[in-house]
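A, B, ... follow the sequence lines: proteins, then strands. Residue 1 opens every chain.
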Amino acid sequence: MVAITLPDGTVQTHDAPVTGFKIAGAIGKGLAKAAVAIRVNGDLWDLTRAIEADAEIAIVTRETEEGRALLRHDAAHVMAEAVKALYPETQVTIGPAIEHGFYYDFSRKTPFTPEDLEKIEREMHAIVARDEAIAREVWEREKAIQFFKDQGEHYKAEIIEAIPVKEDVTLYRQGDFIDLCRGPHLPSTGKLGKGFKLMKLAGAYWRGDSRNEMLQRIYGTAWENEKELKAHLFRLEEAAKRDHRRLGREMDLFHIQEEAVGSIFWHPKGWTLYRMLEAYIRRRLDQADYVEVRTPELVDRMLWERSGHWEKFREHMFTAESEERTLALKPMNCPGHVQIFRQGLKSYRDLPLRMAEFGCCHRNEPSGALHGLMRVRAFTQDDAHIFCTQAQITEETKAFCTLLLSVYKDFGFEDVVVKFADRPDVRAGEDAVWDEAEQALRTATEATGLEISMNPGEGAFYGPKLEFVLRDAIGREWQCGTLQVDFVLPERLDANYVGEDGGKHRPVMLHRAILGSIERFIGVLIEHYAGRLPIWLAPTQVVVATITNESDAYAREVCETLRKAGLRAELDLRNEKINYKVREHSLAKTPLLLAIGSREAENHTVSLRRLGGKDQESLALEEAVARLSAEAAAPGL
RNA sequence: GCCGGAUUAGCUCAGUGGUAGAGCAGCGGUUUUGUAAACCGAAGGUCGGGGGUUCGAAUCCUCCAUCCGGCACCA
């Protein structure tokens, strides 16, 4: 007999051995049906695996995140079985569950085609319909290696060789397909159901290393039922409608063309948005006691050699030749800022010195990395460097975090997490200094109440860093802000200040940005708002549209009044129906529309319609102007 | 950079070897309209670029560019 303790504390006794399947059945038929695995003393087990001793258990059901992960893992195995059945010459490698689905990496000479994907998916449905039992087997290590080698599965053999000796080598058998796997799995392929779909083909390097063979990855999505699958596909369509590249064209904000790959042609409307954002962040920095500077874009290689960029960052830099000198477009502003810092003597009384620049940087990003506004070769950071003493790091970091959170809040980003990247293996500076810097960042972030996740060993070679990740309206994460402590650059470029003791001292530099790149942040905003920008950022804030041309004169007057009040107003006097105009300006995502007909002209009123709204509001012109200009005010003014 | 796919009118997309098409937008006209598409008409193309196969290429082959999806990269 074994005593099985359920999550609610009740104890069942069973004849030993007992399986998870049996336990679930004893609790309820519905639970047995929804069960996908069992947690035994904290470990996930197959439902069919024998439990020999007393245990604390929990049944894992398919509609939980954990259950879906198992389901997705099964889907990967079913896909591998389908691929091996259709294309026996293919080698299988690894196939994990991922967010929303799964993938499997295959090695095969001829690439898969989209048509193959359809075939594989059909075969998967057949395997599910056959409801093959999935059985766990523990194999002797050498036997397993030989088994896979005999099958020509060299990657699998390599994986087994890497499994620590004390761990069991477990294989899972379903139909004729045997795969190395840690498990657990559902009891049979039928349990996968129909809630899956193959999504895309992609290349992926073996073990994620670009020096290795490129494998073929097939991505799929999998859910507990078809309804959830459909809901997911719908969400993908909705997300695609927010794509900033599409909205950028539809809203006439910007374009990119072949002759300037990775650089943005800002159209008048897009540039208005850019200017508003820049003006906003400039105001916030002014208020936070930053000074703003501007440094050269084209700088002699001598300076990059001194700063270390020529050695560490050369391949990402664009260069130019002039009069036998090699110049480079700046990829970062920091060396320029140190040059300004070095002008004249600096005293400890000048610290902390917060030096900001909306500098245009160029980086030669690999072509495959380019992506709309999100990853470009020419961009503008809301960059600043804080020159301070080591003792000031905590206070400055704290102030920065507070400022960053307040800025994000103005865009509706309330959900922010911090990734703390500490010392990498290869680094500059002494451990005692790193200890102090890491502690300073930790103290500061803890004081702001931010959620911190560790990114061990991911710091820059010159110091630890914080990365600020925000979550947008549909739950996607974007890393925008950053704060990096730098001990190296002040040293390399010989920045110093006169201390209280009258001696020379080395300042610490904090590299920091809130928006990151303005281009990229605009991309994030477009997607976050789905193009419906808040009034203060909207390129056109209000359209004055006539119903018939009898009201043209009054409409002009209204538009003029709005403009005088500082609103970005446009006039629509076209010979079109008001329905047509409403539709067009709605599609253009103009937040406000004032319809002007004979009634309005007579009473000196306007009829206000808000984007997406169903009804209108009649207002006296003066009241409308007062109200709308108040609504259009940028935050922090 | 690597793997795969795509590139036809301003936009979205048909067109599998035999005279380049549609809808929307734009343009010209008619219509004077009350909150998400009035009607009529004329126009609009080096089918991404180069080379090749063919009597004949948007269509087949090849090289290149760009874009898209991943991978790698993002100090």
task: Look at all strands and tell whether A:I256 reaches a base, only sugar-phosphate, or nothing, counting heavy atoms closer than 4.0 Å.
output: nothing
Hey, does the side chain of A:H371 come within less than 4.0 Å of B:G69's phosphate (OP1/OP2), counting only N and O? yes
Q.
Can you say whether a donor on the side chain of A:T113 sits under 3.5 Å from an acceptor on the base of B:G4, or the other way round?
A. no
On a heavy-atom basis, the closest approach of A:Q541 and A:A632 is NE2-CB, 3.7 Å
Q. How would you label the contact of A:K200 with the nucleic acid (heavy atoms, under 4.0 Å): base, sugar-phosphate, or nothing?
A. sugar-phosphate
Rounded to whole Å, CD of A:E584 lies from P of B:A37 at a distance of 12 Å
Nearest-nucleotide check on RNA chain B, A:R249 vs A:A204; residue mapping nearer the 5' end is A:R249
Tightest non-hydrogen contact, residues A:H604 and A:E557, listed as CE1-OE2, 3.0 Å
Distance between the C1' atoms of B:U54 and B:G69, in whole angstroms? 35 Å
From NZ of A:K577 across to P of B:U32 the rounded distance in Å is 11 Å
Rounded to whole Å, the CG-C1' distance (A:D209 to B:C2) equals 12 Å
Quick one: is B:C71 close enough that its OP1 or OP2 comes under 4.0 Å of any side-chain N or O from A:Y219? yes
From CZ of A:F106 across to C1' of B:C3 the rounded distance in Å is 15 Å
task: Take atom C1' in B:A25 and the same atom in B:G10, then report the distance between them in whole Å.
output: 7 Å
Next item on the list: Please check the phosphate of B:G4 (OP1 and OP2 only) for any side-chain N or O of A:R217 closer than 4.0 Å.
Entry: no
Minimal heavy-atom distance between A:A82 and A:I120, with the atoms involved, is CB-O, 3.8 Å
Note to self: Using the P atom as the point on both nucleotides, what is the distance between B:U16 and B:C61, in whole Å?
What the structure shows: 15 Å
- Message: Using the rule given for side chain to side chain contact (heavy atoms under 4.5 Å, CB included), can you reason through A:R574 versus A:Y580, listing the C-alpha separation, both sets of side-chain angles and the distance that settles it, and then say yes or no?
- Response: CA-CA 10 Å; A:R574 291 175 304 171; A:Y580 181 91; 4.2 Å; yes
To the nearest angstrom, the CE-C1' distance between A:M317 and B:C73 comes to 17 Å
_Please give the distance between the P atoms of B:U8 and B:U59 as a whole number of Å._
13 Å
Looking across every strand, which nucleic acid part, if any, lies under 4.0 Å from A:F461 by heavy atom: base, sugar-phosphate, or nothing? sugar-phosphate
Under 4.0 angstrom, heavy atoms only, what part of the nucleic acid is A:R599 near: base, sugar-phosphate, or nothing? base
Notebook entry, point to check: Does the gap between the ring centers of A:H267 and A:F254 come in under 6.0 Å?
Noted result: no
Looking only at heavy atoms, the pair that brings A:Y408 and A:G481 closest together is OH-N, 3.0 Å
In a table with atom names and distances, give each donor-acceptor pair under 3.5 Å that connects a side chain of residues 88-98 of chain A to protein atoms at least two apart or in another chain.
{"unit_1": "A:E89", "atom_1": "OE2", "unit_2": "A:R108", "atom_2": "NE", "d": "3.1"}
{"unit_1": "A:E89", "atom_1": "OE2", "unit_2": "A:R108", "atom_2": "NH2", "d": "3.4"}
{"unit_1": "A:T90", "atom_1": "OG1", "unit_2": "A:Y87", "atom_2": "O", "d": "2.9"}
{"unit_1": "A:T90", "atom_1": "OG1", "unit_2": "A:R108", "atom_2": "NE", "d": "3.4"}
{"unit_1": "A:Q91", "atom_1": "OE1", "unit_2": "A:H154", "atom_2": "N", "d": "2.8"}
{"unit_1": "A:Q91", "atom_1": "OE1", "unit_2": "A:Y155", "atom_2": "N", "d": "3.4"}
{"unit_1": "A:T93", "atom_1": "OG1", "unit_2": "A:D105", "atom_2": "O", "d": "2.7"}

message = Under 4.0 Å, counting only non-hydrogen atoms across every strand here, what does A:Y103 touch: a base, just sugar-phosphate, or nothing?
response = nothing
So, does the side chain of A:R246 form a donor-acceptor pair with the base of B:C11 at under 3.5 Å? no
From the candidates B:G26, B:C73, B:A36, the one with an atom nearest any side-chain atom of A:P366 is B:C73
Among B:C71, B:G26, B:C73, the one nearest any side-chain atom of A:A369 is B:C73
Under 4.0 Å, counting only non-hydrogen atoms across every strand here, what does A:R245 touch: a base, just sugar-phosphate, or nothing?
sugar-phosphate
### Task
Identify whether any heavy atom of A:A595 sits under 4.0 Å from a base atom; if not, whether one sits that close to sugar-phosphate; answer base, sugar-phosphate or nothing.
base
Looking across every strand, which nucleic acid part, if any, lies under 4.0 Å from A:E576 by heavy atom: base, sugar-phosphate, or nothing? base
Practice task
Using the P atom on both, measure B:G21 against B:A43 and round to a whole Å.
Solution key: 13 Å
* Is the distance between the ring centroids of A:Y462 and A:H511 less than 6.0 Å? -> yes
Closest to the side chain of A:R532, out of B:C71, B:A72, B:A36, is B:A36
- Item | Gap in Å between the two C1' atoms, one belonging to B:A14 and one to B:C24, rounded | 15 Å
From the list A:H385, A:H337, A:Q381, side chain to side chain donor-acceptor pair (under 3.5 Å) with A:E357 holds only for A:H337
Requested in this report: Indicate the ring-plane relationship of A:F112 and A:F106, choosing parallel, tilted or perpendicular according to the 30° and 60° boundaries.
Outcome: perpendicular
Open item on the list: When you measure from the side-chain N and O atoms of A:R583 to the phosphate of B:U35, is any distance below 4.0 Å, counting only OP1 and OP2?
Closed with: no
| message | Could you check whether A:S107 and A:E213, counting side-chain N and O atoms only, form a donor-acceptor pair closer than 3.5 Å? | response | yes
Regarding A:T482 and A:K465, is there a side-chain donor-to-acceptor distance under 3.5 Å anywhere? no
When rounded to whole Å, the CD to P distance for the pair A:E118 and B:G5 reads 14 Å
Which part of the nucleic acid does A:E600 contact within heavy-atom distance under 4.0 Å: base, sugar-phosphate only, or nothing? base
Let's test your reading of the model: under 3.5 Å, does the base of B:G70 pair with the side chain of A:Y205 as donor and acceptor? no
- Item | Whole-angstrom distance between B:A37 and B:U7, as gauged at atom P | 33 Å
_In this structure, is the centre-to-centre distance between the rings of A:H528 and A:F413 below 6.0 Å?_
yes
In whole angstroms, the gap separating P of B:C67 from CD of A:E259 amounts to 11 Å
query: So does A:E123 pair up with A:K119, basic N to acidic O under 4.0 Å?
result: no
I'd like the P distance from B:A20 over to B:U46, given in whole Å. 14 Å
Out of B:G34, B:C73, B:G26, minimum distance to the side chain of A:I547 belongs to B:G34
note: A:E365, atom CD; B:G1, atom C1'; distance rounded to Å ~ 12 Å
*Looking for any heavy atom pair under 4.0 Å, which part of the strands does A:S210 touch: base, sugar-phosphate only, or nothing?*
sugar-phosphate
Expected list for residues 604-621 of chain A near RNA chain B, using heavy atoms below 4.0 Å, is A:S607, A:R609, A:Q616
Pairing string of RNA chain B (Watson-Crick or G-U wobble, both atom distances under 3.5 Å; | = paired to other strand) is (((((((..((((....[..))))..((((.......))))......(((((..]....))))))))))))....
Review point. Side chain of A:N549, base of B:U32: donor and acceptor closer than 3.5 Å?
Key: yes
Practice task
Using a 4.0 Å heavy-atom cut-off across all strands, classify A:L201 as base, sugar-phosphate, or nothing.
Solution key: base
Nearest-nucleotide check on RNA chain B, A:D243 vs A:K312; residue mapping nearer the 5' end is A:D243
Please work out if A:A202 contacts a base, only the sugar-phosphate, or nothing of the nucleic acid, heavy-atom cut-off 4.0 Å.
base
